[in-house]
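For reference, the structure discussed in these notes is given below.
Since we're looking at a predicted model, the values are computed, not measured. Each ligand, and each atom within it, is numbered from 1 in the order the structure gives.
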Amino acid sequence: MNGLPRFYTSLRDFRSVFDTGLPILTYHKIGPRPPKVRMKGLYVSESLFRRQLTEWAQAGWTTTQLSPSPLTHEASPPQRQLVITFDDGFENILQYGLAPLAQNGFHAIQFLISDRLGAENDWEQQLAQEAPVRLMDVSQIREWLAAGHDIGAHTRTHPQLTKIPISKAREEIQGSRRQLEDLFGRPIHHFCYPYGDWSPAVRDLVAEAGFQTACTVEPGVNTAGIDPFGLKRFTARYRSRNWGSLAATMRDWFQCPH
Ligand SMILES: [Zn+2]
């Protein structure tokens with residue numbers, strides 16, 4: 001990853017590394033930032049999002065879903081295919097992301113927090129006194145699915161999985177899959193570790209729960225033979241020299257007195 005910017009902004013910088021495997025992109029929130037937002041870097045404007053999608057489309061890239069995984073079905077990396085992921089299930093994705101995705105014929109997956117559908121980003125508010133933002137409710141998620149997109153699980157309450165007892169972590173992981181399958185009547189194959197926080201034990205819980213893949217926040221593209229429960233992703237952000245790495249951002253969160 002030497003020589004690459006910390007975050008994905010435009011294809012130009014990533015073209016050669018994207019050609020070596022399956023790139024997975026991470027987004028959190030799209031659209032205008034509400035007043036008093038602290039984690040500004042988790043927002044991408046609608047215009048930047050549109051620009052990124054247009055750039056991929058014009059360069060001949062298409063989106064693929066995590067399932068069936070192109071990595072397990074092909075010996076060599078798929079050509080010019082990428083996966084678009086959204087963490088947490090924010091309502092602003094539906095509001096500002098759905099149309100640009102449709103206009104480019106792209107599909108994406110949202111990782112949902114199953115106890116928080118239609119609620120707010122309480123984990124961000126507690127950790128960083130973040131401004132309140134709403135998460136998609138059940139009918140909005142149905143709208144997302146009806147548009148041909150996918151959903152995956154991101155636990156029940158967004159804990160740091162390595163910091164809670166293993167029995168609690170198991171319930172967060174298994175329970176989120178069960179709740180989403182019951183609500184939406186479809187199999188949930190994909191998991192995403194909150195804060196990118198995982199360990200071999202947490203990874204094994206995800207596999208044991210019946211998921212097919214799990215996404216981390218470790219940067220890189222995915223090549224044949226990668227552990228499907230340790231998929232790498234590039235985070236999409238504005239180009240900036242001042243924003244530290246996502247890992248540093250997460251560390252800041254946990255240093256909050258809450
Ligand atoms: Zn998250």
Do any of the N, O or S atoms of [X] sit under 2.8 Å from the Zn ion (ligand 1)?
X: D88; value: yes
X: H154; value: yes
X: H158; value: yes

**Request:** Using distance alone, with no hydrogens and no angle criterion, decide if H154 and D87 have a side-chain donor and acceptor under 3.5 Å apart.
**Result:** no
**Request:** Using atom types as modelled and distance alone, determine if a side-chain donor or acceptor of E124 lies under 3.5 Å from a backbone N or O of A131.
**Result:** no
**Asked** Taking 4.0 angstrom as the limit, do E55 and R12 come out as a salt bridge?
**Response** no
**Item:** Name of the residue among I109, I24, L53 meeting side chain to side chain contact (heavy atoms under 4.5 Å, CB included) with I84
**Value:** L53
